[in-house]
Number of protein chains: 2
Amino acid sequence: MSRQGNVTIKDVAKRAKVSVASASRAINGVGRISQETKDRILKAAQELNYVPHFGARSLITKKNNIIGVLLPDLYGEFFSEIVRGIDYAARLGGFNILLSSYHNDENETKTAIAAMRGRVDGMVAMFPFETDDDDLRNTLNAPMVKIANSSSKAKIPLIAIDNADGAKTAIKHLYDCGKRKIAHLSGPKNNLEASDRMRGYREAMDGLELKTNIFEGDFREETGFNYAPAIARLVKDGAIDAIFVGNDTMAIGLINGFKRLGIKIPDDVALIGFDNTPVASYITPGLSSMGVDMATLGKRAVEILKQLINNDDDLQEEAHFTPVLFPRSSSVAKLREEEMTIQENLAF
Amino acid sequence: MSRQGNVTIKDVAKRAKVSVASASRAINGVGRISQETKDRILKAAQELNYVPHFGARSLITKKNNIIGVLLPDLYGEFFSEIVRGIDYAARLGGFNILLSSYHNDENETKTAIAAMRGRVDGMVAMFPFETDDDDLRNTLNAPMVKIANSSSKAKIPLIAIDNADGAKTAIKHLYDCGKRKIAHLSGPKNNLEASDRMRGYREAMDGLELKTNIFEGDFREETGFNYAPAIARLVKDGAIDAIFVGNDTMAIGLINGFKRLGIKIPDDVALIGFDNTPVASYITPGLSSMGVDMATLGKRAVEILKQLINNDDDLQEEAHFTPVLFPRSSSVAKLREEEMTIQENLAF
DNA sequence: AATCGCCATGTAAACGTTTACGCATTAATA
DNA sequence: TATTAATGCGTAAACGTTTACATGGCGATT
């Protein structure tokens with residue numbers, strides 16, 4: 001029943017007939033030690049199945065080699081991809097990751113941070129709401145980098161997803177497809193991403209000297225579906241020939257609604273969503289969308305954090321992530337074959 | 001630059017004018033201490049923004065309050081759901097989770113386990129390959145529960161996904177739909193899940209006294225697509241009227257192939273997949289599938305682990321998880337409305 | 001009034017490391 | 001050969017906790 005690592009560095013030292021100091025030097029590969037005693041010690045450690053006690057080590061070195069990760073309630077691809085990137089970069093730096101996910105409100109979040117406090121060397125966090133950065137910094141007491149959207153003026157190093165810029169790209173794309181009467185089905189009013197995307201829409205339309213036309217939505221599929229009849233009428237009247245939808249989920253609802261009503265996509269009306277959800281490529285017609293590479297985003301966040309952990313001067317870096325366009329048949333009448341992946345190829 | 005928690009329990013004690021022993025008692029709420037000094041100490045701790053050093057604590061208590069989580073290279077919903085369940089149960093027990101994911105081969109896995117060793121109180125792990133349980137147990141040196149498929153005879157407490165049973169349910173369903181000439185498009189030969197599903201198919205067909213008909217696949221979408229013409233011919237010849245496909249991905253490829261060839265689903269041929277991937281409900285027609293509730297699975301794994309951590313006798317528990325049927329239009333000609341979710345409703 | 005026992009608190013050891021410092025031995029230099 | 005420098009290794013302190021044990025005070029019991 002050899003449960004918790006009862007074999008200590010003393011045992012190793014004893015077996016190799018050296019002091020604990022030498023044992024430590026051999027194990028960590030630092031300090032002066034002859035090759036042969038080093039070998040002897042390592043052999044002893046191996047034989048005893050020795051594992052250092054990280055608590056004791058961190059007590060003296062003040063390092064945990066752990067970074068905390070705090071994520072909101074994310075689903076599917078979104079979640080797995082960002083964790084993938086974080087894990088990758090952390091492993092490169094010899095860090096383990098302490099994960100706490102599925103937080104929705106500020107209280108849960110603070111509790112989670114408190115639980116990590118003192119056991120992580122730093123943290124990368126993503127919040128679905130505005131945060132009091134000074135407060136956060138205080139309760140964590142370690143460097144932290146935030147993943148957020150660009151409009152938040154953070155007092156913490158930030159990886160900013162530029163939703164407004166993404167929206168502009170989307171509008172530009174619809175414009176390039178020949179559409180001029182471009183409406184927007186927005187996300188919920190108090191949502192930061194939603195308002196950034198709306199802002200981008202407005203600015204882009206202004207730049208093109210087109211008239212804006214906004215419907216207030218809430219990011220839910222059902223809502224998209226329910227909006228279909230009203231919007232379909234405007235499409236038939238020729239008042240709308242394209243829609244920039246606040247997110248893919250809602251766009252999918254809208255598409256399904258349009259299908260029932262016999263509206264032709266993209267001929268009658270072109271559609272583009274946001275987030276590049278996996279289903280965007282599976283639905284018929286394929287849904288054009290704006291997406292950011294979440295894996296790279298996570299990786300980048302950790303890289304900045306690692307810098308922060310090493311040089312403890314607070315560099316106030318802000319990295320920008322611009323969503324890129326994934327054109328599919330909901331906006332482009334005929335895609336050239338070679339632009340499509342095998343997946344998309346099959347789905348069309 | 002108040003970086004690492006420099007304020008210790010001694011500072012708290014000093015400020016509250018008590019000994020460190022009393023401070024410790026107040027903070028942990030154990031031992032005898034009067035209410036008023038307790039209050040005074042907690043107030044001092046708050047004022048100083050005190051955070052206990054977990055390393056020091058674990059040094060003496062031999063507990064970390066951390067459980068390790070080791071996952072293979074999973075994608076999307078699969079990954080996020082299982083982590084969700086694990087996180088939920090862990091948080092309930094006051095545990096943090098140390099995550100290491102995206103492992104593909106045995107070497108990476110062992111390295112990851114070694115990195116966690118000594119800093120976790122236990123681990124839940126999932127492997128995409130057969131494992132040497134004694135070896136694992138040795139390198140971790142703490143209790144561990146494995147998530148695997150039921151065919152593996154593990155020496156470690158196991159949460160077993162019963163793929164064979166799921167396959168039987170699938171066949172039974174196709175049979176209930178009136179199909180008798182049921183073929184199987186399998187996964188890769190050396191894959192454990194694939195062979196369990198095939199075994200379930202064989203046993204179910206034997207039980208129904210039907211003739212088996214197996215095509216060897218590899219779980220990839222492209223493969224499903226490429227098999228379409230050959231299988232379509234057999235369908236037209238009346239040799240096949242249903243297919244149990246080893247996983248959803250491949251089934252989706254097959255569906256898309258059939259669409260091009262004008263094969264009618266489910267009239268000409270019924271289809272059922274495995275895994276209940278999200279896209280299964282988005283594709284047209286909706287793909288029937290067998291799925292397990294990954295969130296519950298993860299939650300359950302942690303619950304067993306917690307028991308193991310507390311009573312350190314090795315209870316050799318084996319919990320079974322049986323995939324359940326998600327019927328959609330690829331096998332059922334007309335689904336009753338009330339059986340569908342809003343999502344599926346929209347997708348049809 | 002003397003004794004007992006309980007209660008709140010303090011003292012100090014222990015947990016497993018790392019590392020500054022010192023000492024002895026060996027190698028390099030004059 | 002005498003001196004210095006470099007090397008290998010050990011001693012012991014320190015990190016921040018928890019907890020067994022000791023101590024003193026005070027109320028209750030006799």
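Remember, predicted model here, so these are calculated numbers, not experimental data. So that the names make sense, note that chain A is the first sequence line, chain B the second, and so on, each numbered from 1. What you see below is based on every heavy atom in this structure, not just the backbone, and it leaves out hydrogens, waters and symmetry mates.
Applying the side chain to side chain contact (heavy atoms under 4.5 Å, CB included) rule to A:N190 yields the partners A:P188; only residues at least two apart in sequence or on another chain are considered. Scanning for side-chain hydrogen bond (donor to acceptor under 3.5 Å, both in side chains) contacts around B:R300 gives an empty result, with sequence neighbours left out. Partners of B:Y102 according to the ring pair (Phe, Tyr, Trp, His ring centres under 6.0 Å) rule, which considers only residues two or more places apart in sequence or in another chain, are B:F79. Residues satisfying the side chain to side chain contact (heavy atoms under 4.5 Å, CB included) criterion with B:K14, sequence neighbours excluded, are absent altogether. Residues meeting the side-chain hydrogen bond (donor to acceptor under 3.5 Å, both in side chains) test with A:K110, sequence neighbours left out: A:D135. With sequence neighbours left out, A:T37 forms a side chain to side chain contact (heavy atoms under 4.5 Å, CB included) with A:I33, A:S34, A:R40. Qualifying side chain to side chain contact (heavy atoms under 4.5 Å, CB included) partners for A:N49, counting only residues two or more places apart in sequence or in other chains: B:R117, B:N138.
The separation between B:I9 atom CD1 and D:dT19 atom P is 11 Å, rounded to whole Å. If you take NZ of A:K10 and P of D:dG10, they are 15 Å apart, rounded to a whole angstrom. Between B:K14 atom NZ and D:dG16 atom P there is a gap of 12 Å when expressed in whole angstrom units. If you take CZ of B:R117 and P of C:dG16, they are 15 Å apart, rounded to a whole angstrom. In this structure, the NZ atom of A:K62 is 12 Å from the C1' atom of C:dT18, given to the nearest Å. Rounded to an integer number of Å, the gap from B:N64 CG to D:dT17 C1' is 14 Å.
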inquiry  = Would B:D87 and A:S101 count as a side-chain hydrogen bond (donor to acceptor under 3.5 Å, both in side chains) here? Give the steps.
reply    = CA-CA 7 Å; B:D87 198 349; A:S101 42; 2.6 Å; yes

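Among the nucleotides D:dG16, D:dT19, D:dT18, the one closest to any side-chain atom of B:R57 is D:dT18. Distance from the side chain of A:T61 is smallest for C:dT18 among the nucleotides D:dT18, C:dT18, D:dG16. Distance from the side chain of B:L59 is smallest for C:dG16 among the nucleotides C:dG16, D:dG10, D:dT17. Distance from the side chain of A:I60 is smallest to D:dA14 among D:dT17, C:dC15, D:dA14.
A:K63 has no side-chain polar atom (N or O) that falls below the 4.0 Å cut-off from OP1 or OP2 of C:dT18. Not one side-chain nitrogen or oxygen of B:S19 sits closer than 4.0 Å to the OP1 or OP2 atom of C:dT11. OP1 or OP2 of D:dG10 sits under 4.0 Å from a side-chain N or O of A:S22.
For the helix from C:dA1-D:dT30 to C:dA30-D:dT1, the angle separating the two terminal helix axes comes to 40°, with each axis derived from five pairs and the value rounded to 10°.
A heavy atom closer than 4.0 Å to some atom of DNA chain D occurs in A:R25, A:R32, A:I33, A:S34, A:T37, these being the qualifying members of residues 24-42 of chain A.
With 3.5 Å as the limit, one finds no donor-acceptor pair spanning the side chains of B:N104 and B:E108.
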